[in-house]
Amino acid sequence: MSNPYQPIPATIIETHDETPNIRTFKLKPEREIPFLAGQFVELTVPGHGEAPFTPSSSHFKRDTFDMTIMKVGRATSALFDLEAGDRVGARGPFGQRYPLEKFEGKDIYIVGGGVGLAPLRALFLALVHEIDKYRRIFLRYGARTPDDIVYKHLLPEWQKIPKVDIDLSVDVSDERWMKKVGVVTCLMDDIPCDEKSSIAVVCGPPIMMKFVNQKLLDAGFQGSNIYLSMETNMSCGVGQCRHCRLGPYLTCKDGPVLTWDQIKDIENPFV
Amino acid sequence: MGEYVLPKSNISQWLSKLLAKYAVYVPIEVEKQVHWHLLEPRDLEKEPDAITPAQRRIRASEPVKSFMFQPRRQVASFPEPFTPEVSKPRVLLGIKSCDIAALKVHDKILGEGEFKDPFYLAQRKNTLLVVADCPEPEQSCFCNLLGLTPYAMEAGDAVLSVVDGNWVLGVTESGKGLVDLASELFTELREGSSELARRDEQRHTALVTLNMTNTKPWNPDLAGAVAAKLSDTAFWNKHAETCVECFGCLMGCPTCYCFLLYDQARDAGVDRTRAWDACYEAAYARVGGGANPRAEFVKRFANRFSCKFSAFKTDHGMYACTGCGRCLKSCMGKIDIRKVLGEL
């Protein structure tokens, strides 16, 4: 019987600094981890603990995978001390994937905030890999300052992809910034897709999720079509330890992505 | 189920035979409390029925889950994978109805889902369970409110009743070997035998005692009632007022299964340990960025009731409580779960 708590070794083969405190790690696991966009992996930083992260690369290429991680706690701080060639542990994939079959033929309206663009990148790349299946893809992304934008070198390339429409905002601008200034909801005043049938996908800090979700509902999006990445304390990753309980759900098993219809009756879901 | 009587004069001999093959744990009384004890040959040199009195008492202080789902155990290592040791087969001789019912909770979570806990399953497979009657329920017992009885509803591998100092043993197919290894010490009982009649009389008396202790049944839709009350902070505050957050109720609970995985550096690698956790702990649900959906204790207090009596019932068709009474016996704040649920 396999041991769900046992990580497999994975080698860091490359790192890329996205912002002063967000870095992308490219990992090569000893065995392929068969994740699909939306699922997550528990990453072990040897001697410093374990934390859940959603891969940010395409599930159509899995011999290596990327994780874009913000330095916030003990494990992530220790991870930032590692370099290419160092080994970490990984176990997974865990949780549920995005139901891409339900997205087919529709407009996909993706809203990200800060490092929340990391898991959305895996979805975005999966969508553009089979772009003919979807109507259009909108990406709305907000960061605190221009320096805090992740994937700066990739965004111009993504904008060139047919059927993809990208718009950005920052809370605080500088003299170089030519786009909108304000929280990400300032990009949502005119949503250029059919709200009744379109799919919305949101990931970011809880307060941002709360307001973006409300804006989507006000615009007419169906609760069953709004996919939200819920942040909870996940330890085991396999639906046993109960740390990640959110109302009737265990986000590690039932999520981490849940629809607004699933969580709307939970008191203060965006805490 | 085959039913046998083991005369009190043969008990030590049978236990000696068991010890040759198994690690045998029995309940013993220590300063009026019942605790589990690993039987040793020298214990059998005492009075032949010295361990019988504790079999008539209620469940041991330590929940039976601790044998299968240890409070702390290694579950992984890195970079080399962890290989667990193989332990000697065990017999838990004298678990109670409330404890075997509680193991069903762990079976569902650790043994039946998409991801199974190989350590739990190995210990479960390695352990024979003998369920002893509770002829003398105490004031803290309330298994009757959960639809259970003070004697085995689920036999496990064998059922034990102490009748006039002799041991009446009912064995299922999986427990047949317990009798077979010393069949000469047992006498098979026929239906209608005086021992079985006396056992049934004891069981009836125990049930009557429990029904007199816990007279008022709970709301038949307890799951719905708890869910509806969840945001009533005043209600939960009233009941949580005397809690000192010692977590005794959670550590003693035979159904609680929350755990935490933590890593410790060792030489050039890491050992990963799975340790019991407590949902009353302030940091229990706190995320890396610092946000905490249950920062106030009253929310954690209500969450415990929601988990046991609403979510688990909805998800698995049973309450995560078996009425063992350990929570109220251990509570320094004198919080009685029966009183809380009785008001719903």
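Within every chain, numbering begins at 1; the chains are lettered A, B, ... in the order of the sequence lines, protein sequences first and strands thereafter. Below, all heavy atoms of this structure are taken into account, side chains as well, without hydrogens, waters or symmetry copies.
- Highest contact tally toward chain A, considering only B:Val270, B:Val75, B:Asn292, B:Asp271, is held by B:Val75 [criterion: heavy-atom pairs under 4.5 Å].
- By the neighbour-count criterion of 12 heavy atoms within 6.0 Å, atom NZ of B:Lys125 is sparsely surrounded, having that number or fewer from other residues, nucleotides or ligands.
- Taking A:Val88, A:Thr76, A:Ile8 one by one and counting their heavy-atom pairs under 4.5 Å with chain B, the maximum is reached by A:Val88.
- Interface remark: B:Cys307 contributes backbone and side-chain atoms alike to the contact with chain A (heavy atom separation under 4.5 Å).
- Contact tally against chain B (heavy-atom pairs below 4.5 Å) for A:Arg87, A:Glu30, A:Arg245, A:Glu231: the top residue is A:Arg245.
- In this pair, A:Phe94 and B:Phe115 present their aromatic rings perpendicular. The plane angle is above 60°, beyond the 30 to 60° band.
- Counting non-hydrogen atoms of other residues, nucleotides and ligands closer than 6.0 Å to NZ of A:Lys210 gives a total of 12 or fewer.
- More than 12 non-hydrogen atoms from other residues, nucleotides or ligands lie less than 6.0 angstrom from CD of A:Glu101.
- In summary, the side chains of B:Asp263 and A:His48 do not present any donor paired with an acceptor at a separation below 3.5 Å, with no hydrogens or angles considered.
- Atom CZ of A:Arg144 has 12 or fewer neighbouring heavy atoms from other residues, nucleotides or ligands inside a 6.0 Å radius.
- Within the model, atoms CG of B:Asp277 and OG of A:Ser235 stand 8.0 Å from one another, a figure rounded to the nearest 0.5 Å.
- Taking the centre of each ring, A:Tyr5 and B:Phe82 stay at or above the 6.0 Å mark.
- No part of B:Ser310 comes within reach of chain A, as not one of its non-hydrogen atoms sits under 4.5 angstrom from that chain.
- The residue among B:Ala291, B:Ala227, B:Pro118 with the most heavy atom pairs within less than 4.5 Å of chain A is B:Pro118.
- For B:Glu241, the CD atom sits in a loose shell: 12 or fewer heavy atoms of surrounding residues, nucleotides or ligands are nearer than 6.0 Å.
- If you take CZ on B:Arg286 and OG1 on A:Thr232, they are separated by 14.5 Å, rounding to the nearest 0.5 Å.
- The 12-atom threshold is exceeded at NZ of B:Lys238, counting heavy atoms of other residues, nucleotides or ligands nearer than 6.0 Å.
- Contact of B:Ala283 with chain A is made through the backbone alone, with heavy-atom distances under 4.5 Å.
- Heavy atoms closer than 4.5 Å to chain A are found nowhere in B:Thr314, neither backbone nor side chain.
- With a 4.5 Å cut-off on non-hydrogen atoms, B:Asp117 touches chain A through its backbone and its side chain both.
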After noting the C-alpha distance and the side-chain angles of A:Glu267 and B:Leu230, does the key distance pass the side chain to side chain contact (heavy atoms under 4.5 Å, CB included) rule? CA-CA 9 Å; A:Glu267 192 185 357; B:Leu230 205 53; over 6 Å; no
Can you check side chain to side chain contact (heavy atoms under 4.5 Å, CB included) on B:Phe119 and A:Asn3, steps first, answer last? CA-CA 9 Å; B:Phe119 309 100; A:Asn3 176 356; 3.4 Å; yes
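- Salt bridge annotation for A:Glu50-B:Arg272: present, with a cationic side-chain nitrogen under 4.0 angstrom from a carboxylate oxygen.
- Using a distance-only test at 3.5 Å, with no hydrogens or angles considered, no donor-acceptor pair links the side chain of A:Asn268 to the main chain of B:Pro293.
- Note: B:Pro81 leads B:Gly269, B:Ala265, B:Pro81, B:Gly290 in heavy-atom pairs under 4.5 Å with chain A.
- For a residue to count as touching a neighbouring chain, one of its non-hydrogen atoms must lie under 4.5 Å from one of that chain's; by this rule B:Leu121 touches chain A with the side chain only.
- Across A:Arg242, A:Lys253, A:His243, A:Gln6, the residue that shares the most heavy-atom pairs under 4.5 angstrom with chain B is A:His243.
- With a 4.5 Å cut-off on non-hydrogen atoms, B:Gln74 does not touch chain A at all.
- In this structure, chain A has no heavy atom under 4.5 Å from any part of B:Arg266.
- Contacts between A:Ser2 and chain B at a heavy-atom distance below 4.5 Å involve the backbone alone (N, CA, C, O).
- Using a 4.5 Å cut-off between heavy atoms, A:Pro9 contacts chain B through both its backbone and its side chain.
- With chain A as partner, the option from B:Tyr284, B:Tyr262, B:Tyr257, B:Phe78 having the largest number of non-hydrogen pairs under 4.5 angstrom is B:Tyr284.
- Comparing A:Gly247, A:Pro269, A:Pro46, A:Cys241 by how many heavy-atom pairs each has under 4.5 Å with chain B, the most go to A:Cys241.
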